[in-house]
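Only one structure is covered here, and it is reproduced in the block below.
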Protein chains: 2
Amino acid sequence: MHDCMDWRNVSFDWNRARAFLVTAEEGSLSAAARALGMAQPTLGRQVTALEEELGVTLFERVPRGLELTTAGLDLVEHVRAMGEAAGRVSMAATGQSDTVDGQISITASEIYSAYLLPPILAQLRDIAPGIDIEVVASNTVRDLKRREADIAIRNARPTQPELIGKLVAEDRAALYATPDFLEQMGQPQTPDDLREADFIGLENLDQLIDGLNAGGYELSRRNFAIQTENHLVHWQMARHGLGIGIGPCHLGDRDPGLARVLPNEEPIRFPVWLVAHRELQTSRRVRLVFDLLAKEIPSLLGSDPEALKDFA
Amino acid sequence: MHDCMDWRNVSFDWNRARAFLVTAEEGSLSAAARALGMAQPTLGRQVTALEEELGVTLFERVPRGLELTTAGLDLVEHVRAMGEAAGRVSMAATGQSDTVDGQISITASEIYSAYLLPPILAQLRDIAPGIDIEVVASNTVRDLKRREADIAIRNARPTQPELIGKLVAEDRAALYATPDFLEQMGQPQTPDDLREADFIGLENLDQLIDGLNAGGYELSRRNFAIQTENHLVHWQMARHGLGIGIGPCHLGDRDPGLARVLPNEEPIRFPVWLVAHRELQTSRRVRLVFDLLAKEIPSLLGSDPEALKDFA
DNA sequence: GCCAATCCATGCAATCATGCATAGCATCCC
DNA sequence: GGGATGCTATGCATGATTGCATGGATTGGC
């Protein structure tokens with residue numbers, strides 16, 4: 001089967017190829033070194049050695065950094081393919097990994113990262129002390145295909161076929177403000193009473209306004225004098241009486257310093273999905289964390305299993 | 001362009017992946033080591049380290065050798081893709097032979113052009129008949145930046161940053177004359193014996209005199225009754241007994257019609273550099289010729305690789 | 001049953017690669 | 001124009017990797 005495969009063609013130093021790839025993608029040796037957790041001189045020497053080895057000048061040394069030559073531009077395409085294959089190797093390896101100990105990376109919104117994950121991760125530390133946990137708190141959807149995280153907590157069903165998702169809970173969100181703030185407003189009762197109210201804004205402001213208006217509100221940008229892209233900051237602002245904030249009920253209802261702005265309005269209901277890459281689902285470690293999250297999130301959110309049917 | 005690609009997923013040791021691939025394909029560490037030109041323990045340790053790194057047992061150690069586990073069987077598929085990409089990298093770097101065709105221009109001193117290059121260029125004709133060769137025989141340094149030639153053979157390290165040089169050999173030169181001429185002089189033994197001798201001059205006569213006097217001679221312009229700027233003519237004059245000439249030992253020592261004037265004096269030693277423009281170094285054609293010259297010049301000159309260290 | 005061949009694992013010395021600290025340089029901003 | 005900040009290149013000491021030599025073990029053949 002393997003009569004006489006010639007391995008000399010691949011006998012150049014593959015780590016140098018990796019150094020070249022990351023340097024090309026990051027644009028400078030220093031940035032690449034930071035990304036890889038290596039020293040800059042090391043990377044520089046590896047790139048130089050690869051140029052020597054292949055007999056190709058890959059980069060033009062310019063003061064701003066390194067710039068790909070035409071030859072380098074040609075080669076980086078092939079090396080990129082190598083890197084993508086390497087990513088699949090790593091993905092499959094984690095999936096095959098029979099040891100629980102290791103690193104795992106979870107991405108979730110800032111609110112979930114701050115209020116939902118900590119008690120669960122404390123449990124995880126007890127159950128499996130050998131697992132190193134990294135939490136990527138981000139309100140933008142991270143790409144699991146590129147392995148930006150192993151497990152994601154999201155509020156929508158994953159669309160990509162290589163991702164598998166599990167609907168684990170229902171979450172609810174409502175408008176919150178301090179009791180003082182509401183008293184000053186005269187205890188609003190209907191969305192109409194909020195037409196002149198001060199809200200605290202988030203990123204994607206127009207999208208938020210459209211969403212609320214679709215629910216019967218009549219708001220515009222002038223209602224949002226204060227704005228932040230950070231949801232935790234947003235929440236703290238609401239708690240300090242700076243305006244009306246939007247947040248999950250499991251937080252707001254338990255916060256003695258906050259009250260629902262419109263107690264008679266039904267909260268917004270949305271699903272909570274756990275998402276992981278198919279390859280990773282076979283990993284004992286990923287499996288363990290995934291199952292723990294699936295078990296604990298519903299109880300922490302006080303989610304009724306019956307309610308999940310509405311999102312199917 | 002893409003904000004923050006996460007490279008941790010590819011940060012495992014790629015060389016270990018290569019070790020794993022070749023071992024899996026060849027069926028044993030020993031065979032893989034032979035194929036890669038490495039030692040068997042090295043490869044064994046790399047595979048073990050990869051297993052450690054990925055947390056996956058790749059091979060079952062059986063008496064006959066190594067056998068892939070099911071996990072390894074899964075992983076080898078992905079690593080094979082990596083290897084194939086590596087092959088394309090190497091291919092793109094090495095270049096296909098059909099793109100080699102074209103014109104190339106080499107500049108060298110007259111002596112080298114006449115005595116050193118011909119046998120090498122004959123080889124080149126055999127290897128790559130599609131390459132048209134131009135030899136610029138010149139004792140003045142041609143400007144590679146202005147593309148006066150593609151490759152230069154020089155006796156000094158290139159100073160301009162856009163030129164890259166490779167120290168390929170050590171050359172030696174000595175004073176030569178015909179045996180008859182020496183007998184007539186009474187067989188000189190020391191530089192002092194040559195104070196009244198007839199030398200054959202070259203261009204830059206004063207520079208040559210200074211150089212020789214720095215080596216213990218006591219010469220002046222009146223020792224140079226005959227002078228020519230052409231080194232080949234210079235050499236032929238020496239061969240015809242017109243005086244003492246200076247020339248490379250690899251020529252003089254093999255010439256039955258010539259003998260060293262001072263056999264006990266150490267020859268002048270100087271480095272042989274191959275020089276090319278950085279940009280041209282990426283050309284497959286230039287590379288091919290460059291490498292051929294780098295390989296053949298040392299053996300033609302009988303240069304000891306150890307001697308090169310003196311010029312570093 | 002023994003010898004030869006082949007395989008993997010380990011000890012050890014030399015080599016190579018790495019990281020740190022630093023120098024050299026260009027650029028940007030005040 | 002000068003200080004701050006980004007980059008790459010180099011010297012040097014340390015630590016990791018390599019190759020060689022060797023040991024232990026199994027298979028196959030005579």
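Just so it is clear, the model here is predicted, and its values are computed rather than measured.
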Among [options], which is the nearest nucleotide to the side chain of [X]?
{"X": "A:Ser30", "options": "C:dC7, D:dT8, C:dC12", "value": "D:dT8"}
{"X": "B:Ala39", "options": "D:dT18, D:dG19, D:dC7", "value": "D:dG19"}
{"X": "B:Ser28", "options": "C:dC8, D:dA9, C:dG19", "value": "C:dC8"}

Next on the checklist: Please confirm whether the shortest side-chain N or O distance from B:Arg34 to OP1 or OP2 of C:dC7 is below 4.0 Å.
Outcome noted: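 The answer is yes; a side-chain N or O of B:Arg34 sits under 4.0 Å from OP1 or OP2.
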Next on the checklist: Is there a side-chain contact between A:Thr42 and the phosphate of C:dG19, meaning an N or O under 4.0 Å from OP1 or OP2?
Outcome noted: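 Yes, A:Thr42 has a side-chain N/O under 4.0 Å of OP1/OP2 on C:dG19.
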To the nearest Å, how far apart are [X] [atom1] and [N] [atom2]?
{"X": "B:Leu36", "N": "D:dG19", "atom1": "CG", "atom2": "P", "value": "10 Å"}
{"X": "B:Trp14", "N": "C:dA17", "atom1": "CH2", "atom2": "C1'", "value": "19 Å"}
{"X": "A:Arg45", "N": "D:dT10", "atom1": "CZ", "atom2": "P", "value": "10 Å"}
{"X": "B:Gln40", "N": "D:dT17", "atom1": "CD", "atom2": "P", "value": "17 Å"}
{"X": "B:Glu52", "N": "D:dA16", "atom1": "CD", "atom2": "P", "value": "15 Å"}
{"X": "B:Asn15", "N": "C:dA17", "atom1": "CG", "atom2": "P", "value": "11 Å"}
{"X": "A:Asp13", "N": "D:dT18", "atom1": "CG", "atom2": "C1'", "value": "13 Å"}
{"X": "A:Arg18", "N": "C:dT18", "atom1": "CZ", "atom2": "P", "value": "9 Å"}

Checklist entry - Do B:Asp171 and B:Asn155 have side-chain atoms, one donor and one acceptor, less than 3.5 Å apart? => result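 Short answer, no.
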Checklist entry - Rounded to the nearest 0.5 Å, how far does CZ of B:Arg154 lie from CG of B:Leu167? => result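 Output value for this atom pair is 14.5 Å.
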Sidechain-backbone polar pair: [X] side chain, [Y] backbone, donor-acceptor under 3.5 Å:
{"X": "A:Thr42", "Y": "A:Met38", "result": "no"}
{"X": "B:Asn204", "Y": "B:Gln207", "result": "no"}
{"X": "A:Thr107", "Y": "A:Arg142", "result": "no"}

Checklist entry - For DNA chain C, whose closest nucleotide is more 5', that of A:Pro41 or that of A:Arg16? => result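 Of the two residues, A:Arg16 wins.
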